[in-house]
Peer 1: 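Would you mind keeping the following structure in view while I ask a few things?
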Amino acid sequence: MQLNCLQENLSHGLGVVQRAVATRTTLPITQHVLMSTDGGRLKMSATNLEIAISTWVGAEIQEEGAITVPARLLTDFVNSLSKQTISVTTTSPGKGIELKGDRVDATINGADAAEFPPIPSVEDGIATRVDPKLIREAIHQVVLAAAVEDSRPVLTGVNVELEGTSLTLAAADGFRLAVHKAEVLDAVPEKLSMIVPARTLQEVERLIEGDEPIDILVTPQRSQILFRLKNVEIVSQLIQGTFPNYSQLVPQNHTTRVIVDLGELQRATRTASIFAKDGSGIIRIQMSPGTNGAGTVTISSRAEELGDNTGEIEAEVEGEEGKIAFNSRYLSDVLAVLGKDKVAMEMTTSSSPGVIKPVDSDNYIHVVMPMFVQWGE
Amino acid sequence: MLSRVVLRLQGHDAAVKAFESALRDARLHHAYLLTGPAHVGKLTLAMQIAQAVNCLAPLNQPCGVCTACTRIAAGTHADVRVIRVDAEATEGPKTVIGIDSVREVIASAHLRPYEGRTRLFIFDGADTMTNDAANALLKVLEEPPPDVHLLLLAPSQESILPTITSRCQHIDLRPLPTRQVTQILQADYGMSAEQAEIVARLSRGCLGWAIEASREPALLAGVHQSLERIAEVVEEGLEDRFGYADQLARRFQRDRVAGREELYLWLRWLRDVLLVQQGQADSIVNVSWRDTIQRHAAGLTLAGTVHWLHLVNESIEALDRNANPRLALDVMMLEAPSVSTP
């Protein structure tokens with residue numbers, strides 16, 4: 001293999017695939033990046049056997065070929081260079097590469113491309129397209145609720161459901177549940193339900209750019225999902241298992257509903273969480289109706305021996321007076337992804353799940369389990 | 001379902017047959033415990049199974065030549081993972097399979113196979129799993145995701161927690177008869193009859209060791225050197241024995257495995273002495289040392305030999321529990337009976 005490539009292109013490509021490079025692994029070759037010539041461009045791929053990312057960058061190909069080299073080393077080297085044209089040549093076949101730039105020269109030992117795990121290609125299967133902004137928002141609002149390293153692996157994923165043109169993303173970690181509904185551009189022929197690793201979706205969110213629709217493909221065996229972005233392909237293994245039936249966890253009615261300004265609620269939550277660092281991060285929310293729909297929301301927290309804090313914000317409160325306590329992190333997490341001016345909170349009793357959602361749309365709902373606290377008078 | 005399965009494995013006919021028919025009928029259990037002494041062929045059998053379930057050939061799986069088979073053999077297949085004690089680990093204990101390895105297994109077990117049809121996790125040295133690791137594994141052993149199989153390799157069933165063994169199909173691999181090892185060494189590895197006999201006896205029915213010895217003359221030479229030292233030390237006085245203990249302790253600190261091997265040679269040597277004392281001179285392992293062993297048998301009492309065997313066993317156990325090698329070996333030498341020479 002022999003080619004010339006701009007340092008910016010190399011650096012950009014390596015940045016794209018970097019997150020798919022395995023960090024700690026039993027298969028050392030997964031710490032490599034696969035470089036190959038493909039249709040007049042340089043293709044770079046990396047996989048940690050869960051997610052595989054490939055990207056294509058412009059290069060002047062002189063001789064076709066493929067090689068794998070340690071990703072970390074190559075990235076560090078390329079990023080240390082100034083902007084210039086770098087020539088990449090494989091040394092003796094399957095052994096490594098030589099990089100030459102302006103008065104700089106390096107060789108990196110690698111391994112034969114045939115040793116690299118095959119990058120899965122998804123050619124046929126169930127396909128659809130989705131607007132990049134919509135999917136990005138959906139992922140952003142849902143992945144936060146997925147479990148990090150859980151003994152139940154299905155909860156480390158996001159349940160993705162496709163039916164007709166509707167797309168539903170859901171994640172839960174046992175304490176909270178986030179469900180986002182969106183539309184895809186092409187209707188799918190049959191109903192599809194699968195669990196995509198949350199990490200995969202985070203990568204998709206990170207790599208989306210531009211306004212072009214994104215292709216989504218699922219293999220006929222339902223083992224892999226492909227996201228085709230501009231110049232980037234992300235293929236991910238799907239998680240085996242059954243996602244909990246979450247629809248019954250979403251409260252169907254409420255006795256108290258408040259509408260507050262998102263910014264004010266966020267600020268009050270932040271203040272309260274300072275005192276909530278102690279004592280399991282509990283913050284208490286009291287919703288008091290006033291006259292003509294006006295009312296107040298009181299947010300308080302208390303740290304034994306340190307002190308306490310009470311904040312009050314104006315709100316539209318409907319229904320009965322309500323009291324509920326949440327973990328401050330769960331509350332601030334969801335407030336951070338809402339991105340709307342007004343937020344609605346709904347509840348029934350202080351021991352039933354609370355609901356947080358944007359006021360003006362039905363496409364997102366976030367359910368948080370309350371914390372049990374003594375409500376003194 | 002696989003059309004035809006022929007595992008390429010010499011010996012262990014019963015186990016091979018059982019696996020072949022299980023593979024043919026797609027009745028492979030989700031978890032197996034393969035037990036047997038080191039080098040007896042547990043890993044070889046496990047790799048053959050891994051190849052059989054992922055082989056791309058339409059007939060006679062595993063073919064051994066398709067990309068899946070070669071990648072599995074090279075250890076680069078994404079769906080076949082061998083989990084073993086990570087001696088090169090930069091942190092954490094280096095003698096156990098820890099909970100982190102098991103957590104990784106659990107996470108990847110729940111992903112669909114990456115390039116093959118079946119995900120296989122081979123625990124080479126399942127007996128070195130910590131209790132936490134073993135307990136974490138129970139969940140996957142209990143309700144394994146589809147297309148996932150676990151093969152646990154261990155020296156014996158007793159070395160594994162009962163909660164693990166009860167969830168596995170147990171298959172025991174016995175050492176091959178010396179005659180069979182001799183034949184295989186002569187037929188497939190071009191050894192002379194005499195050489196094959198010596199190596200086969202030293203291998204104690206573990207074909208893997210014999211094959212390694214046939215490829216690696218240094219291995220045999222090393223064994224020979226150790227035996228030479230052992231033959232000398234048995235007849236030497238306390239001072240020289242302490243000198244030897246010191247040497248062995250240093251070797252042990254440099255290379256645990258090699259140090260342990262030498263203690264096993266001691267066990268075998270004393271066993272030979274015991275056999276001669278009992279009039280079973282034909283069954284001894286170290287045939288090329290027949291005269292020396294006979295001299296030792298005459299110079300030791302039966303009780304002395306047995307006591308010495310116990311001492312070696314005790315030091316192996318103590319060293320496995322991380323005793324100070326120098327102290328453990330000194331104690332062994334101090335208590336060992338002396339040999340009266342005519």
Side-chain angles (χ1 to χ4, degrees), chain A residues 20 22-32 34 46-52 68 111-122 125 146-157 194-200 218-225 235-243, chain B residues 30 54 56 66-68 70-86 88-92 97-124 132 135-140 142-148:
Chain A
T23 43
R24 185 165 94 78
T25 170
T26 41
L27 201 56
I29 193 127
T30 52
Q31 294 174 336
H32 284 211
L34 173 67
T47 178
N48 56 17
L49 305 182
E50 174 178 330
I51 169 170
T68 82
D112 194 5
E115 283 175 39
F116 202 74
I119 296 297
S121 61
V122 183
V148 193
E149 299 237 350
D150 195 275
S151 53
R152 286 163 298 175
V154 291
L155 294 188
T156 63
M194 62 214 152
I195 307 171
V196 183
R199 270 191 298 264
T200 301
V218 183
T219 52
Q221 307 86 10
R222 312 278 159 81
S223 61
Q224 285 155 343
I225 186 166
V235 186
S236 168
Q237 304 301 113
L238 296 174
I239 297 175
Q240 309 209 57
T242 319
F243 201 78
Chain B
H30 61 276
N54 282 308
L56 303 173
C66 67
T67 49
T70 48
R71 290 174 64 83
I72 290 169
T76 52
H77 196 280
D79 297 322
V80 177
R81 192 178 297 175
V82 181
I83 298 99
R84 47 169 69 97
V85 171
D86 186 6
E88 272 115 60
T90 43
E91 47 195 277
I97 293 177
I99 191 162
D100 289 344
S101 309
V102 171
R103 285 205 178 116
E104 253 172 64
V105 167
I106 295 169
S108 52
H110 281 83
L111 296 174
R112 300 295 305 267
Y114 182 88
E115 52 178 306
R117 291 188 295 269
T118 310
R119 265 188 202 269
L120 232 96
F121 297 97
I122 301 170
F123 285 78
D124 189 9
D132 286 349
N135 287 330
L137 192 64
L138 290 178
K139 205 158 192 172
V140 175
E142 217 159 45
E143 34 175 346
D147 308 325
V148 173

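Fair warning: this is a prediction, and the values are worked out from it, not measured in the lab. Note: hydrogens, waters and symmetry copies are ignored here, and every other heavy atom, side chains too, is used.
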Peer 1: Quick check: does any side chain N or O of Arg112(B) sit under 3.5 Å from a backbone N or O of Ile239(A), one acting as donor and the other as acceptor?
Peer 2: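 Absent.
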
Peer 1: So what's closer than 4.5 Å to chain B heavy atoms on Pro197(A): side chain, backbone, both or neither?
Peer 2: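 For Pro197(A), the contact with chain B is made by the side chain alone.
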
Peer 1: For Ser101(B), which residues count as a side chain to side chain donor-acceptor pair (under 3.5 Å) partner, sequence neighbours excluded?
Peer 2: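 With sequence neighbours excluded, Ser101(B) shows a side chain to side chain donor-acceptor pair (under 3.5 Å) to no residue whatsoever.
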
Peer 1: Are side-chain N/O atoms of Thr47(A) and Tyr114(B) paired as donor and acceptor at under 3.5 Å?
Peer 2: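 Yes.
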
Peer 1: Could you go step by step and tell me if Arg81(B) and Leu27(A) meet the side-chain contact (heavy atoms from CB on, under 4.5 Å) rule?
Peer 2: CA-CA 8 Å; Arg81(B) 192 178 297 175; Leu27(A) 201 56; over 6 Å; no

Peer 1: What is the distance from atom CD of Gln237(A) to atom CZ of Arg119(B), rounded to the nearest 0.5 Å?
Peer 2: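 The distance works out to 6.0 Å.
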
Peer 1: Which atom names give the shortest non-hydrogen contact between Gln240(A) and Ala109(B), and what distance separates them?
Peer 2: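 Nearest pair, atom of Gln240(A) first, then Ala109(B): NE2-O, 3.8 Å.
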
Peer 1: Stepwise, does the side-chain contact (heavy atoms from CB on, under 4.5 Å) test hold for Leu111(B) with Leu238(A)?
Peer 2: CA-CA 6 Å; Leu111(B) 296 174; Leu238(A) 296 174; over 6 Å; no

Peer 1: Heavy-atom cut-off 4.5 Å, strictly under: side chain, backbone, both or neither for Asp100(B) against chain A?
Peer 2: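 Contact with chain A is through both the backbone and side chain of Asp100(B).
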
Peer 1: Looking at Gly157(A), Pro120(A), Pro117(A), which one has more heavy-atom pairs under 4.5 Å with chain B than the rest?
Peer 2: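 Option with the greatest count: Pro117(A).
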
Peer 1: Between Ala114(A) and chain B, which part of the residue has a heavy atom less than 4.5 Å away: side chain, backbone, both or neither?
Peer 2: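 Contact with chain B is through the backbone of Ala114(A) alone.
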
Peer 1: With chain A as the partner, which of Lys139(B), Glu143(B), His77(B), Glu115(B) has the greatest number of non-hydrogen pairs under 4.5 Å?
Peer 2: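 Between Lys139(B), Glu143(B), His77(B), Glu115(B), the count favours Glu115(B).
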
Peer 1: Looking at side-chain heavy atoms only, is the closest gap between Leu49(A) and Ser108(B) below 4.5 Å?
Peer 2: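 No, too far: nothing below the 4.5 Å cut-off.
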
Peer 1: Using side chain to side chain contact (heavy atoms under 4.5 Å, CB included) as the criterion, list what pairs up with Glu142(B), not counting sequence neighbours.
Peer 2: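 By the side chain to side chain contact (heavy atoms under 4.5 Å, CB included) rule, Glu142(B) matches Arg167(B).
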
Peer 1: Can you check whether Ile195(A) reaches His110(B) side chain to side chain, under 4.5 Å on heavy atoms?
Peer 2: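 Of all side-chain heavy-atom pairs linking His110(B) with Ile195(A), none is under 4.5 Å.
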
Peer 1: Would you say that Pro118(A) contacts Arg71(B) through its side chain, given a criterion of any heavy-atom pair below 4.5 Å between the two side chains?
Peer 2: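 They are in side-chain contact.
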
